[in-house]
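Let me begin by presenting the structure, written as structure tokens, before commenting on it.
Below, chains carry the letters A, B, ... as their sequence lines are ordered, and counting in each starts from 1.
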Protein chains: 2
Amino acid sequence: MMASNRQVNSNTESVDNYLKAILALSGPEEQSVSSTALARRLGVAPASVTNMLQKLASARPPNVEYEKHRGVRLSPEGKRRALEVLRHHRLIETFLYEILDFPIEEVHDEAERLEHFISERFEERIAAKLGHPKFDPHGHCIPAMNGRMPKQRSKSLANLDGDGDFVVESVSDRDSALLKQLKAHGIAPGSRLRVTKSPQEEFILKATRQPKSLRLALSVASAVRIRSS
Amino acid sequence: MMASNRQVNSNTESVDNYLKAILALSGPEEQSVSSTALARRLGVAPASVTNMLQKLASARPPNVEYEKHRGVRLSPEGKRRALEVLRHHRLIETFLYEILDFPIEEVHDEAERLEHFISERFEERIAAKLGHPKFDPHGHCIPAMNGRMPKQRSKSLANLDGDGDFVVESVSDRDSALLKQLKAHGIAPGSRLRVTKSPQEEFILKATRQPKSLRLALSVASAVRIRSS
DNA sequence: CAATTATCTTAGGCTAGCCTAAATACTTAG
DNA sequence: CTAAGTATTTAGGCTAGCCTAAGATAATTG
């Protein structure tokens, strides 16, 4: 009974998450990614990663290029899908923030769940409703439908060379508590900052719009990306 | 490694679908539902249903009351969850239709996928945005947050006793092609109809707002629920 | 009421995606 | 260049949810 093995789009939630993680970890240079790095990022055992990579590589068309012990990178098809999911993610975040008035620190987790299940129509409609935005509420840029994504030229506040004046380009979306902290300090994409690096690996900031200066720990600073103003 | 078996809310997509199906099939009288009926509705083999029912019954707290060979009905907990998912479904449908301008025949499938994954916050926000609607775009009533759902007193156009004037209360949401047809004929919740039952098991309708009368097959008529006007 | 038929359950398998433990392959220090 | 150490893969298991085939129970009917 039931010969209906609907296999229309064989991408599962789990596959999506692997592809997204590879995209994120391979960085703008598209370097190959190690199993352990993936395992850490995804919260699974390294053996599970190896297993999945073998599947991703032997899919037809393959989602990744993978050779034993040499790490993995996305194939064109895998990259296509990863960017599609990333686009979904960031559009949904923008939508939750702009249209449904979600607090910014809650948009990521919600988008993380929904991104795998929305249709092309849903994507198209929220994009239209939002006026085809180029950036999500964290300042990350939203891949275009054709899959192109301009590289952002910014650096982490944590790797700052010297002091100076900067504009916040983006903030990390993955830690809700951190994000709440940043919000409380008025730090968001577009904020102007005057930064001094203190000897104790802390960062002394003076946000233009804020009355008093503040001190950020390294962990917090690393969640903020800046460009010079 | 990894002792983190996050089991916060053990309800899976599949469980949700079983509970929803039981709710739908048991009708307003909350009669018990047979395995085969469930199997047909869910598109799975009867054996799979039996299997799942055993799991649902032995969950703690149980989701269903189930005795071998005697069908199944929802436990209070199962009913709570089923109504929650139904509320999600209908709110999402309304949202897609009202806010995202989806064509009505597409809202069901989209809602069917998303209903399992939205958070309480998402639910609350779309409900607020929509003004806490009582009915979805098909005319089905949306269960309240507390789980109460008023019974709708209507009957299917297909089981009509005699001719007369009626108001469309609701249309079935499960068949997109059918829904498209009804839309083309201008039949939607609230439409006024003058109905004549023809000898060949067809229905001759004259919609108040439509220029000419039309003829509906039994299969189409059974997707329309009416009350006298 | 017994026999046929229809419905339902049990038994045994399959795949996806995870796990642990053990083996193997790279890497690096001595 | 070898030994220790780290990274990765293989092997073997587990659960969820589906399947088919076959057995058991209930319902129908002569």
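A straight line from CG of B:Leu38 to C1' of D:dC18 spans 15 Å, rounded to a whole angstrom. Distance B:Asn51 CG to C:dG13 P: 15 Å, rounded to the nearest Å. A:Glu13 has its CD atom 17 Å from the P atom of D:dA16, to the nearest Å. In this entry the distance linking CG of A:Asn17 with P of C:dA16 reads 17 Å, nearest Å. Counting to the nearest Å, the P atom of C:dG17 and the CG atom of A:Leu19 are 11 Å from each other. For the pair A:Met52 CE and D:dT10 C1', the interatomic distance rounds to 17 Å; values are reported in whole Å. Residue A:Leu56 contributes atom CG, which lies 11 Å from atom P of C:dC18 at whole-angstrom precision.
The listed nucleotides are D:dG17, D:dT9, C:dC18; the one nearest the side chain of B:Lys55 is D:dG17. Closest to the side chain of A:Ala47, out of C:dT9, D:dT10, D:dC18, is D:dT10. Residue B:Gln54 has its side chain nearest to C:dT10 when only C:dT10, D:dC19, D:dT10 are considered. When the nucleotides D:dC18, C:dT9, C:dA16 are ranked by their closest atom to the side chain of B:Pro46, C:dT9 comes out on top.
Among the protein residues, B:Ser48 comes within range of the nucleic acid bases, having at least one heavy atom under 4.0 Å from a base atom.
Distances shorter than 4.0 Å separate some side-chain N or O of A:Ser14 from OP1 or OP2 on C:dC18. Not one side-chain nitrogen or oxygen of A:Tyr18 sits closer than 4.0 Å to the OP1 or OP2 atom of C:dA16. Phosphate contact (OP1/OP2 of D:dT10, side-chain N/O of A:Thr50, threshold under 4.0 Å): absent. Note on B:Thr12: every side-chain N or O is 4.0 Å or more away from OP1 and OP2 of D:dA16.
Within the model, atoms CG of A:Leu19 and CG of A:Leu56 stand 5.5 Å from one another, a figure rounded to the nearest 0.5 Å.
Ring pair B:Phe117/A:Phe117 is parallel by interplanar angle, where below 30° counts as parallel and above 60° as perpendicular.
Near DNA chain D, meaning a heavy atom under 4.0 Å from it, residues 60-71 of chain A has A:Tyr66, A:Lys68, A:His69 in order of number.
Two residues are said to be in side-chain contact when any heavy atoms from C-beta on lie closer than 4.5 Å; B:Phe95 and B:Lys129 fail this criterion.
Between A:His108 and A:His138, the side chains place no donor N or O within less than 3.5 Å of an acceptor N or O (distance only, hydrogens not considered).
The residue from A:His88, A:Glu13, A:Glu84 that alone fulfils the side-chain contact (heavy atoms from CB on, under 4.5 Å) condition with A:Glu115 is A:His88.
Listed for the B:Arg41 side chain is no donor-acceptor partner under 3.5 Å among the backbone atoms of B:Leu25.
A salt bridge between B:Arg121 and A:Glu110 is absent, with no side-chain N of the basic residue lying under 4.0 Å from a carboxylate O of the acidic one.
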